[in-house]
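One-based numbering, in listed order, for ligands and for the atoms of each.
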Amino acid sequence: MKLTKKIAAAAASAVMAVNSIPMASFNAAAADHNYMEALAMSLYFFDSNACGKGITDGPLTWRGDCHTYDGEASVGSLDGSAKSIVDPDGDGKVDVSGGWHDAGDHIKFNLTIGFALSSLGISDYLNPGIYEKANCRDHFEYEMRWGADYLMKTTFLDDSGKVAAVAHTIADGGTDHSFWTAPEVQTYDRPIFWLTASDNNSSVSCEMAAGLGAAAYVFKDSDPEYSAKCAKYAKALLEFGTKHVGNNTGGIGGFYSTDAQYQDEEAIAQAWLWIVGEGDKPTRVPKNKDYGGSQYDGWVYS
Ligand SMILES: [Zn+2]
């Protein structure tokens, strides 16, 4: 994943300060510490970017359901055995509603959704009890589930549990950017961009695996069944990304280049699965400096 995009996402998060957001209730201890308030408020960034149904009447008064027609998106160019798994009734439509918009526009990228989920999970893992202390554990788990639900919904497994196809991007970047309007009023055509074994993107697949591995960690105690489901998808996506190595985009072109190496995403995914007892000790993590001075060696999560 490109560092520039990660910085852009962080910057977008930093400017998300809107006075009309209803204040969460803070306990007395949290009220004494601005970092606790900042942590609790930061979760509303995810509500502001939510897509699909179940948004109207939520905590953000200016947001509502949007792009609900993603629930009947065209299967498009997908064919062969993958199409029969994605579209078993053959009506040419598939439900890819939900998830989060990309920062600042209304495309949905599983690369950034996976990164967001993994980052949220890391904040919980490195700071045990912090969301309880900030009195927002429920909100935190709500966002983790919202993201994980979408990553699993857009991952299509065959009967043996292997990934057959991933709807990794929804909406064309150029088209989306021509409509600078609220998502709730948009009706433009939103195509699906697919990943398959023969046309894969290992950065995207492994980042999705990392995000779902993080969700498996977060829900390990509070919802073991859901945690196990997340781990199952994470393992399938990690295998998919590392067995069918590619840097393709399923037709979206260079709009969202992932020309950095995928091994950083692979390493984080391995680490999460190891943490939740669903994988071997990571083989990539100890090999720092193996990646040609790339961001994995010295930047972001190293
Ligand atoms: Zn939307």
Side-chain angles (χ1 to χ4, degrees), residues 5 8-13 15-18 20-22 42-76 78 86 92-117 119-120 139-140 142-156 165-195 204 207-208 211-212 215 249-253 255-256:
K5 194 68 186 179
S13 175
V15 300
M16 225 295 289
V18 183
S20 59
I21 299 174
S42 70
L43 291 173
Y44 290 98
F45 176 69
F46 296 93
D47 295 291
S48 74
N49 282 296
C51 186
K53 296 174 184 171
I55 300 166
T56 302
D57 298 328
L60 305 185
T61 56
W62 76 90
R63 281 303 325 275
D65 294 356
C66 64
H67 306 121
T68 54
Y69 56 96
D70 286 351
E72 293 186 316
S74 170
V75 173
L78 198 67
V86 168
K93 294 175 181 175
V94 60
D95 180 2
V96 290
S97 61
W100 290 305
H101 303 134
D102 193 39
D105 55 34
H106 304 124
I107 313 162
K108 297 190 291 193
F109 289 103
N110 283 8
L111 181 71
T112 53
I113 292 173
F115 180 73
L117 267 191
S119 299
L120 277 172
H139 193 183
F140 167 70
Y142 175 87
E143 302 300 350
M144 288 296 300
R145 196 180 291 267
W146 185 277
D149 280 348
Y150 180 75
L151 291 187
M152 292 190 283
K153 184 181 202 174
T154 52
T155 300
F156 297 86
V166 175
H168 84 106
T169 299
I170 311 298
D172 175 75
T175 307
D176 176 89
H177 285 195
S178 71
F179 297 104
W180 202 245
T181 50
E184 291 83 359
V185 302
Q186 293 181 339
T187 58
Y188 69 91
D189 184 46
R190 290 163 62 86
I192 299 173
F193 296 90
W194 294 98
L195 301 179
V204 176
E207 191 73 83
M208 291 172 68
L212 289 168
T249 57
I252 198 170
F255 186 82
Y256 212 118

Pairwise distance NE2(H67) to NZ(K108) - rounded to 0.5 angstrom = 8.5 Å
Is F109 close to V204 at the side-chain level, that is, under 4.5 Å between some pair of heavy atoms?
-> no
In H67, which N, O or S atom comes closest to the Zn ion (ligand 1)?
-> ND1
Ionic contact status for D47 with R63, cut-off 4.0 Å | no
Minimum-distance atom from the Zn ion (ligand 1) among N, O or S atoms of H101 = NE2
Ring centre gap for W194 and F156 strictly below 6.0 Å | yes
With the Zn ion (ligand 1) at the apex, how many degrees lie between SG of C51 and SG of C66, rounded to 10 degrees?
-> 120°
